[in-house]
Amino acid sequence: MHDLKDLRTRPEYYKEKLSKRSKELISIIDEILTLDQKKREIQSKADEFRKRKNEIADEIGRSKDDKEKVNSLKSESANINATLSTVEKEEIDLTHTLSEKALWLPNIVTDSVPFGEDETKNQEISKWGNPKNEKWIKPHWEIGAKLGLLDFERGVKISQSRFTVLSGMGAKLERALMNFMLDHAGSKGYKEIFPPILVNKDSMTGTGQLPKFDGDFYKCENEFLYLVPTAEVPITNLHRDEVVLPEQLPLKYCAYTPCFRREAGAASKDTRGIIRQHQFNKIELVKITSAEQSDSEHEALTRDAEEILEKLEIPYRKILLCSGDIGFSAMKCYDLEVWFPSQNTYREISSCSNFGSFQARRINIKYKANPKDKPQFAHTINGSGLAIGRTLAAILENYQTEKGTILVPKILQNYLGEIKEII
RNA sequence: GGAGGUGUACCGAAGUGGUCGUAACGGGACUGACUCGAAAUCAGUUUGACGGGGAAACCUGUCACGUGAGUUCGAAUCUCACCACCUCCGCCA
């Protein structure tokens, strides 16, 4: 969400910046400006009526004994009420449509973000490791099923498609990854949180999942609760409507949660394997910082995520998303993509975004840079560190041996009782 | 799930239809005075959102007493619904 006052004072700036994402946004800005103008006019009008009403009420209180005066004042107030109720209705409607409209404006991207309409303009920042593509490497779903780590049929039987059972060493490997990643984040100073997995509508709206993407999530019947699509939702909402003090900055959190997504628009994508599931596990890294620190903290958070892949010794690359591919709320975003030999390509495993004050304004998180300063909106940053299911899939491929076993990455061995190979 | 109670500013806590109620009183924090300095004391300040005026420090209007609706000329105060917390009973990992 943007600052409407600022938008009002320099609309051309917003038009120029937002047109980098999409030209259509210019007309939305114009609509917002018109609505805003109308709303302020109506508000002034309503304020005048309310002011007079307050005066009358005061006057009645002071001149209770003068029956005649009281009666005439009462009828004046009744008249005002008649008009005021329609004006107020209009005021409420306008305020509502205005804020609704304002929620559809995406964030402005920073200048370092390359311009482009789709993912072809994304910029590769760096590559790490030596990708292999030996012909004998089987896709993770084949080797996973063969070794009894992934049970697709039973996942479908007990739930539906895009649900998978992890079994035996598969389950243990998932748990090892979870612990390893949380320990890694802990060593980088992130405070570990285990949040509720069902969250209310306010939380979903706060981090921007609602109202725009309603339908992408699982909702409880007869309860106003949603299954979290990412730990970003409960973690960022920890500080909703709060002012963070200088000595607390930057706040750094990590959390494991399962994540639930309907994947409604992905009907034919990634139907095989565990790349795209309705339920998956993820470690999320979240930071709340000052405006000054936000850029460097974003870089650092991305590095923290990268290091996980380096410790696991799996090849990956780092992509800077272009203006057309970047997420709605982000001002800058790096994707980490991990190498999948069987597909001969890199696949997304982490998305590290800086939201600037965009998300904090919506969710009302402020900070004081100094104890005496007026609170201002904080900057929020988050990224996966990492998606666990996709990491497991990447291990099944990158650590596959020609004889059909899986070597356990060194860093994970002491999480798996020193087992070095899955047979 | 049943019965009762509570929800007021940074914290505690008064106020049960108007009459200096942005809201007493106490505490905390901040500013100033006294002091060589500090403590104590005294004086003052201490919410946010959305508008209007101004270059600006500032002036000014409306709204907000858990949330939302209602009654009334007028609501922290009365009515209804919802939410949260506390106590007791029931149930339960």
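It should be emphasised that the depicted structure is a prediction, and the values quoted were computed from it without experimental measurement. Scope of the values below: all heavy atoms of this structure, side chains included, with no hydrogens, waters or symmetry mates. Below, read A as the first sequence line, B as the second, and so on, with proteins coming before strands; counting in each chain starts at 1.
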- Task: Please state how far atom CG in A/L98 lies from atom P in B/A49, giving the value in whole angstrom units.
- Result: 17 Å

- Message: Is the phosphate of B/G74 approached by A/N54 (side-chain N or O, under 4.0 Å from OP1 or OP2)?
- Response: no

- Atom-pair distance (CG on A/D47; P on B/G61), nearest Å: 11 Å

- Side-chain H-bond candidate by donor/acceptor type, A/T289 with A/E297, under 3.5 Å: no

- Task: Could you work out the separation of B/C11 and B/G18 based on their P atoms and round it to a whole Å?
- Result: 27 Å

- Ion pair present between A/E306 and A/K318, side-chain N to carboxylate O less than 4.0 angstrom? yes

- Query: When the distance from CG of A/L35 to P of B/C50 is rounded to whole Å, what number comes out?
  - Reply: 17 Å

- What is the distance, rounded to the nearest whole Å, between atom CG of A/D58 and atom P of B/G18? 12 Å

- Message: Please report the distance, rounded to the nearest Å, between CD in A/E55 and C1' in B/U19.
- Response: 17 Å

- Item | Interatomic distance where CD1 belongs to A/I56 and P belongs to B/G17 [whole Å] | 24 Å

- Message: Would you say the rings of A/H298 and A/Y334 are close, in the sense that their centroids are separated by under 6.0 Å?
- Response: yes

- Touch class at under 4.0 angstrom, heavy-atom based, for A/R52 against every strand present: nothing

- Note on the structure: note: A/E76, atom CD; B/U72, atom C1'; distance rounded to Å ~ 17 Å

- Task: Determine the contact category for A/L73: base if any of its heavy atoms lies under 4.0 Å from a base atom, sugar-phosphate if only primed atoms, P, OP1 or OP2 are that close, otherwise nothing.
- Result: nothing

- Query: Counting only side-chain N and O atoms of A/K5, is one of them less than 4.0 Å from OP1 or OP2 of B/G52?
  - Reply: no

- Item | Atom-to-atom span, NZ of A/K69 to P of B/C73 - whole angstrom | 18 Å

